[in-house]
Protein chains: 2
Amino acid sequence: MLEFRGKQYPCCASLTMGVIGGKWKTVILFHLMNNTLRYSELRKAMPTVTERTLSLQLKDLEEDGLISRTVYTPKPPLKVEYALTEFGKTLIPLIQAVAAWGDYAVSCA
Amino acid sequence: MLEFRGKQYPCCASLTMGVIGGKWKTVILFHLMNNTLRYSELRKAMPTVTERTLSLQLKDLEEDGLISRTVYTPKPPLKVEYALTEFGKTLIPLIQAVAAWGDYAVSCA
DNA sequence: CGGTATCCTGTCCGATACTG
DNA sequence: CAGTATCGGACAGGATACCG
């Protein structure tokens with residue numbers, strides 16, 4: 001039994017899935033892999049996610065230390081940028097493998 | 001927009017997560033990565049999953065073509081073995097990366 | 001611009017009991 | 001031994017409206 005940030009996992013594989021699982025987290029990480037992006041840029045990159053869900057997933061990823069959130073303006077209109085942290089960058093090879101296998105599976109079908 | 005086995009995905013990363021996501025699929029694949037296992041052996045390897053859930057997840061993985069189910073006995077008591085298919089084996093590097101990152105994250109915390 | 005608040009729905013998944 | 005049947009709770013995630 002493993003523990004990470006207060007949650008328990010029966011196996012190292014399930015720990016990873018607990019952190020990057022869910023419907024949108026890998027997609028967010030995939031888009032942040034090569035670029036720092038603003039909230040609105042993420043929305044454009046992922047047109048089918050709702051604002052609420054995107055917001056919640058970003059907060060989750062931030063709490064797990066994978067991404068950073070930087071506010072550049074003192075007042076509205078706000079400018080906010082999201083980027084991978086150093087810890088989040090350790091996921092890059094994994095995200096690349098996830099994306100590559102998705103492409104491969106499509107090419108098989 | 002990508003399609004795989006009748007489901008739609010907005011991104012190659014989300015396709016992969018749709019196939020190996022969920023609470024238990026990567027754990028099953030992790031245990032089948034190096035060994036063919038019987039149902040009861042999977043249960044021993046994953047003591048905290050319920051029979052119902054294990055059964056459903058195995059069926060999902062079989063329908064997605066990742067694992068094979070072989071019955072060796074004509075009547076009860078049954079002997080059933082699960083193994084990765086050739087297509088499922090293409091996931092091995094990914095599963096290894098998932099497991100390795102889980103270990104790494106624990107070592108950081 | 002970058003979010004929350006509120007409400008609601010589906011689905012995942014656990015518990016328990018039973019079967020070929 | 002290897003499952004299925006039934007029930008039900010919790011939570012992820014969508015729709016829409018509103019706020020600093």
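Numbered from 1 within each chain, the chains take letters A, B, ... in sequence-line order.
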**OP:** Identify whether any heavy atom of A/Lys79 sits under 4.0 Å from a base atom; if not, whether one sits that close to sugar-phosphate; answer base, sugar-phosphate or nothing.
**Re:** sugar-phosphate

Original post:
Would you say A/Arg43 reaches C/dG2's phosphate, i.e. side-chain N/O to OP1/OP2 under 4.0 Å?
Top reply: no

Original post:
If you look only at pairs with a residue in residues 65-93 of chain B, which of them pass as a ring pair (Phe, Tyr, Trp, His ring centres under 6.0 Å), with sequence neighbours excluded?
Top reply: A/Trp101-B/Phe87

Original post:
Are A/Gln96 and A/Ile92 close enough that some pair of their side-chain heavy atoms sits under 4.5 Å apart?
Top reply: yes

Subject >> A/Arg43 side chain vs A/Arg38 backbone, donor-acceptor pair below 3.5 Å >> reply: no

**OP:** Find out whether B/Leu54 and B/Ile28 are in side-chain contact, i.e. whether some heavy atom of one side chain is under 4.5 Å from a heavy atom of the other.
**Re:** yes

Original post:
Does atom NZ of B/Lys79 have more than 12 heavy-atom neighbours from other groups under 6.0 Å away?
Top reply: yes

Subject >> Pairing residues for B/Lys89 by the side chain to side chain donor-acceptor pair (under 3.5 Å) criterion, not counting sequence neighbours >> reply: B/Glu86

Original post:
Where along nucleotides 4-14 of chain C does protein come under 4.0 Å, by heavy atom, of base (B) or sugar-phosphate alone (S), with - for untouched nucleotides?
Top reply: BBBB-----BB

Original post:
How long is the span from the OG atom in A/Ser40 to the CG atom in A/Leu78, to the nearest 0.5 Å?
Top reply: 11.5 Å

**OP:** Using the heavy-atom set of chain A and a strict 4.0 Å cut-off, write down the first and last nucleotide of DNA chain D that makes it in, 5' to 3'.
**Re:** D/dG13 to D/dG20

Original post:
Within this structure, what is the CG-to-P distance between A/Leu37 and C/dG2, rounded to whole angstrom?
Top reply: 11 Å

Subject >> Main-chain N/O of B/Tyr9 paired to B/Ser14 side chain as donor or acceptor, under 3.5 Å >> reply: no

Subject >> Nearest-0.5 Å distance that lies between atom CZ in A/Phe4 and atom CG in A/Asp64 >> reply: 5.5 Å

Original post:
Does the side chain of A/Leu29 reach to within under 4.5 Å of the side chain of A/Leu91, using non-hydrogen atoms?
Top reply: yes

**OP:** Looking at every strand, decide which applies to B/Tyr82 at a 4.0 Å heavy-atom threshold: base, sugar-phosphate, or nothing.
**Re:** sugar-phosphate

Original post:
Atom CZ of A/Arg69 to atom C1' of C/dC1: distance rounded to whole Å?
Top reply: 11 Å

Subject >> A/Asn35: partners by side chain to side chain donor-acceptor pair (under 3.5 Å), with sequence neighbours left out >> reply: none

Original post:
What bend angle does the helix from C/dC1-D/dG20 to C/dG20-D/dC1 show across its length, from five-pair end axes and to the nearest 10 degrees?
Top reply: 60°

